[in-house]
Amino acid sequence: MDADPLKQFLQAEGATLVGVGDVRRALSQEIMHLGRGIAIAVNRGLTRDTVDLLMRLQALTEGWLRAKGYRSLSIPPDSDRRMGKMISKLYKLFCHKTAATCAGLGWIGKNGLLINERYGSKMTWATVLTDAPLATDRPYVSSRCGDCDLCVRHCPSGAVQGHLWSLGDPMREIVSYDKCRSLKSGRTSLREKPNCGFCVTVCPYSRNGGEQQKAG
Amino acid sequence: MADEARKKEIYEKLRTGVIQYDEDACREGAQEAVSEGLDANEAIFDGLVSGMEEVGRLFEAQEYFVPEILMCADALYAGLDILKPHCKQMDLGVKGSVVIGTVEGDVHDIGKNLVKMMFDVAGFTVYDLGRDVPLDKFVDEQLKTDSELVCLSAMMTTSMVGMPKVIEKIKAKNPNCMIMIGGAPTSKELADKWGADGYAEDASNALKEAIKMVAFLKKLRDEKIQKK
């Protein structure tokens with residue numbers, strides 16, 4: 001099933017990147033039937049407006065699929081902050097980075113973030129899972145970070161260790177989230193901005209990438 | 001007071017709202033039911049629950065899967081939240097309170113939440129202990145609230161083994177309390193062996209059992225109304 005009409009439709013509605021991946025290997029029992037992941041990204045920071053835009057794109061995707069008789073499940077961009085609903089239990093079963101790498105839109109960098117060749121890590125992602133047999137894009141199976149270790153050297157907490165991601169080695173911890181988190185919580189208690197973001201700003205892909213749209 | 005046709009229309013809106021997991025439609029339908037002075041209990045049963053019965057059927061027919069069920073449940077709650085404050089306490093001869101939770105060591109609570117939902121629509125007072133609940137907490141809570149029903153849920157065999165201990169303790173202190181167990185590893189045999197009064201093996205099965213229970217309550221209510 002041709003995915004290009006859907007991609008063009010979503011891009012016309014404001015999506016920066018749209019890709020389709022075969023995500024069957026990453027699915028748990030409850031969502032086993034939804035074998036395709038549609039990764040949608042916009043090159044904007046995670047703000048209220050960005051979330052609204054992505055959720056509108058997801059709703060359009062759902063409608064497009066439903067009209068053709070297929071099921072879907074949207075994982076919202078800020079899925080970790082959505083709680084209290086029955087459906088939000090399922091959000092943590094799937095991660096946006098998986099859809100994005102399977103859909104060939106980037107790899108997991110040494111900084112643990114999804115890196116797109118053109119836009120770096122300055123993207124906000126949303127995923128729609130579906131049982132529609134859409135044609136898939138070529139997935140990334142390994143890191144393209146190479147020898148670059150800028151994020152390793154600039155990380156103030158020592159959380160970024162320089163490991164290369166590969167699809168065949170999913171159990172490896174690429175970033176020590178405990179270290180990253182303890183730095184953040186220390187900063188919060190000092191009333192500084194909690195996020196440091198060095199690992200994004202020093203990344204050559206993020207720096208060279210297209211100028212990020214100002215949200216709003 | 002709205003006429004019969006309008007009433008039907010509103011109930012249909014609630015019903016299809018649940019089936020098509022349209023939270024806005026459920027909210028709107030519930031709002032209309034309230035503002036037009038319809039009986040909230042009736043709107044719940046003939047609208048929302050009737051929709052959920054169809055959802056249960058669609059799930060059995062494998063047209064709906066777990067994500068759809070949960071979205072339907074969210075839609076049902078969207079309507080229920082509005083209708084609930086307008087419900088008269090159902091006078092069915094049962095006091096109706098239930099202690100429910102997922103036993104110690106287990107964090108899977110989808111099935112438990114679906115069962116809880118059906119108790120909510122049936123007008124029970126639900127004491128939801130959440131997930132990964134220490135075994136004694138069930139016993140204490142039952143004594144404290146004097147609930148006539150306790151529901152234990154577990155997805156894993158490792159956590160399920162805590163169930164008979166809870167059942168034994170509750171039955172020792174309060175032999176009249178009904179106990180239901182649920183979750184993938186449970187079975188009719190285990191329920192019998194442990195002295196539980198009912199069982200449901202998965203979310204859909206639990207949903208079906210709970211729908212049956214609510215449908216039964218509804219029948220009682222209808223008979224009562226007819227007698228009047």
Side-chain angles (χ1 to χ4, degrees), chain A residues 23-24 26-38 40 51-52 55-56 58-96 98-99 126-134, chain B residues 18-24 26-27 48 52 55 58-59 61-81 102 106-121 126 128 130-132 153 155-156 183-185 201-204 206-207 210:
Chain A
V23 295
R24 279 175 296 178
L27 297 175
S28 65
Q29 182 80 52
E30 293 87 341
I31 49 174
M32 197 75 94
H33 57 295
L34 303 169
R36 293 284 185 273
I38 303 166
I40 308 169
V51 171
D52 289 347
M55 290 187 67
R56 200 176 68 82
Q58 288 184 309
L60 290 172
T61 310
E62 283 177 24
W64 192 89
L65 292 163
R66 197 180 310 136
K68 295 182 165 46
Y70 295 106
R71 298 184 185 86
S72 56
L73 169 65
S74 288
I75 316 278
D78 54 345
S79 56
D80 58 322
R81 296 182 202 168
R82 288 178 189 266
M83 281 166 276
K85 279 206 181 178
M86 309 267 283
I87 191 68
S88 47
K89 297 268 171 207
L90 295 187
Y91 293 160
K92 54 177 165 257
L93 297 178
F94 196 83
C95 122
H96 296 310
T98 307
T127 305
V128 180
L129 297 170
T130 180
D131 59 354
L134 292 166
Chain B
V18 170
I19 298 170
Q20 295 173 354
Y21 40 93
D22 185 342
E23 288 183 36
D24 292 335
C26 283
R27 234 173 259 128
L48 299 174
M52 209 62 201
V55 172
L58 287 168
F59 186 81
Q62 299 201 328
E63 283 186 42
Y64 275 12
F65 289 80
V66 174
E68 284 82 19
I69 291 230
L70 296 180
M71 289 189 276
C72 294
D74 282 326
L76 182 143
Y77 266 119
L80 188 65
D81 286 343
T102 303
D106 215 318
V107 294
H108 302 86
D109 57 356
I110 290 176
K112 183 220 61 171
N113 288 344
L114 285 172
V115 175
K116 180 190 169 211
M117 171 181 75
M118 296 314 284
F119 282 121
D120 276 335
V121 297
V126 183
D128 183 7
R131 52 191 192 173
D132 195 10
S153 167
M155 263 304 279
M156 303 186 295
E201 63 185 11
D202 56 25
S204 71
L207 182 68

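Throughout, protein chains are lettered first and strands after them, A, B, ... in sequence-line order, and every chain is numbered starting at 1. In this text the structure is predicted, and so the values were computed from the model without any measurement.
- Under the salt bridge (Lys or Arg N to Asp or Glu O under 4.0 Å) criterion, B/Asp132 pairs with no residue, sequence neighbours left out.
- The neighbour count for A/Arg24 CZ, taken as heavy atoms of other residues, nucleotides or ligands under 6.0 Å away, does not exceed 12.
- For A/Lys85, the parts lying under 4.5 angstrom from a heavy atom of chain B are both the backbone and the side chain.
- Distance alone, capped at 3.5 Å, places no donor-acceptor pair between the A/His96 side chain and the A/Ile40 backbone.
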I'd like a table of donor-acceptor pairs (distance under 3.5 Å, sequence neighbours excluded) in which one partner is a side-chain atom from residues 64-78 of chain B, with atom names and distances.
unit_1	atom_1	unit_2	atom_2	d
B/Tyr64	OH	B/Ile19	O	2.6
B/Glu68	OE1	B/Phe65	N	2.8
B/Asp74	OD1	A/Met86	N	2.8
B/Asp74	OD2	A/Met86	N	3.4
B/Asp74	OD2	A/Ile87	N	3.0
B/Tyr77	OH	B/Asp120	OD2	2.6

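- Within residues 26-35 of chain A, the residues having any heavy atom less than 4.5 Å from a heavy atom of chain B are, in residue-number order, A/Glu30, A/Ile31, A/His33, A/Leu34.
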Please output the side-chain donor-acceptor pairs of residues 67-75 of chain A that fall under 3.5 Å, not counting sequence neighbours, one pair per line with the distance.
unit_1	atom_1	unit_2	atom_2	d
A/Arg71	NE	B/Glu63	O	2.9
A/Arg71	NH1	A/Asp131	OD2	2.9
A/Arg71	NH2	B/Gln62	O	3.3
A/Arg71	NH2	B/Glu63	O	2.8
A/Ser74	OG	A/Glu62	OE2	2.5

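- The minimum heavy-atom distance between A/Val23 and A/Ala99, with the atom names listed, is CG1-CA, 4.2 Å.
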